[in-house]
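I have placed the structure first, in the form of structure tokens, so that the comments after it can refer back to it.
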Amino acid sequence: QQHAAVSSQGYVSRVSDDELKALERALAASGGVANRLALARALERAGRADDALEVLLPAREDADVRSEIGRWPAWGMAQGW
């Protein structure tokens with residue numbers, strides 16, 4: 001199944017279930033920040049921003065993860081992260 005979301009620039013981005021599952025497996029296997037960011041970005045492209053945030057929060061001590069969270073308008077406010 002394909003998920004589509006419209007970006008803030010008006011572009012439609014598609015993410016397949018297979019892609020999401022592969023990214024979830026990669027994160028489960030390594031737990032690395034790069035895999036966490038890749039999965040969060042794919043979830044966001046699929047229109048699942050809440051799920052993307054859930055993926056990022058466990059690694060919020062990492063500067064790249066905080067930067068990713070901060071680029072989302074809804075999460076750009078200071079909340080102790």
Side-chain angles (χ1 to χ4, degrees):
Q1 182 176 10
Q2 292 269 328
H3 303 275
V6 179
S7 73
S8 59
Q9 292 82 26
Y11 298 109
V12 174
S13 179
R14 299 191 187 282
V15 180
S16 71
D17 284 342
D18 290 339
E19 180 183 355
L20 289 173
K21 288 176 187 174
L23 291 167
E24 288 170 350
R25 284 191 300 271
L27 177 60
S30 76
V33 170
N35 288 327
R36 192 170 294 281
L37 290 168
L39 176 56
R41 289 172 182 153
L43 287 166
E44 182 186 15
R45 287 193 317 271
R48 296 173 50 189
D50 289 345
D51 292 331
L53 181 62
E54 290 292 323
V55 166
L56 293 173
L57 285 179
R60 65 184 169 264
E61 298 302 319
D62 183 89
D64 291 334
V65 171
R66 284 193 311 275
S67 178
E68 183 72 12
I69 293 170
R71 76 173 186 79
W72 296 348
W75 309 114
M77 302 179 76
Q79 295 184 13
W81 299 328

Point to revise | Over all atoms of both residues, closest heavy-atom pair of A52 and A40 | key: CB-O, 3.3 Å

Check your understanding: What heavy-atom pair brings A42 and V15 nearest, and what distance separates the two atoms?
Key -> O-CG2, 3.5 Å

Practice item. Examine distances only and state if a side-chain atom of R36 and a backbone atom of V33 form a donor-acceptor pair shorter than 3.5 Å. Key: no

Review point. What pairs with D51 under salt bridge (charged side-chain N to carboxylate O under 4.0 Å, His left out), at least two apart in sequence or on another chain?
Key: R48

Exercise for review: Evaluate the criterion side chain to side chain contact (heavy atoms under 4.5 Å, CB included) for residue pair E68 and E44; output intermediate values, then yes/no.
Suggested key: CA-CA 11 Å; E68 183 72 12; E44 182 186 15; 4.2 Å; yes

**Study point:** Audit row: V55, L37, side chain to side chain contact (heavy atoms under 4.5 Å, CB included) steps and yes/no
**Key:** CA-CA 8 Å; V55 166; L37 290 168; over 6 Å; no

Show the atom names and distances, to 0.1 Å, of all donor-acceptor pairs under 3.5 Å that link a side chain in residues 22-31 to residues at least two apart or in another chain.
| from | atom 1 | to | atom 2 | distance (Å) |
| --- | --- | --- | --- | --- |
| S30 | OG | A26 | O | 3.3 |
| S30 | OG | G32 | N | 3.1 |
| S30 | OG | N35 | ND2 | 2.5 |

Review point. Can R66 and R71 be said to form a side chain to side chain contact (heavy atoms under 4.5 Å, CB included), step by step?
Key: CA-CA 9 Å; R66 284 193 311 275; R71 76 173 186 79; over 6 Å; no

Study note, to complete from the structure: When rounded to the nearest 0.5 Å, the distance separating CD1 of I69 from CG of L57 is 5.0 Å

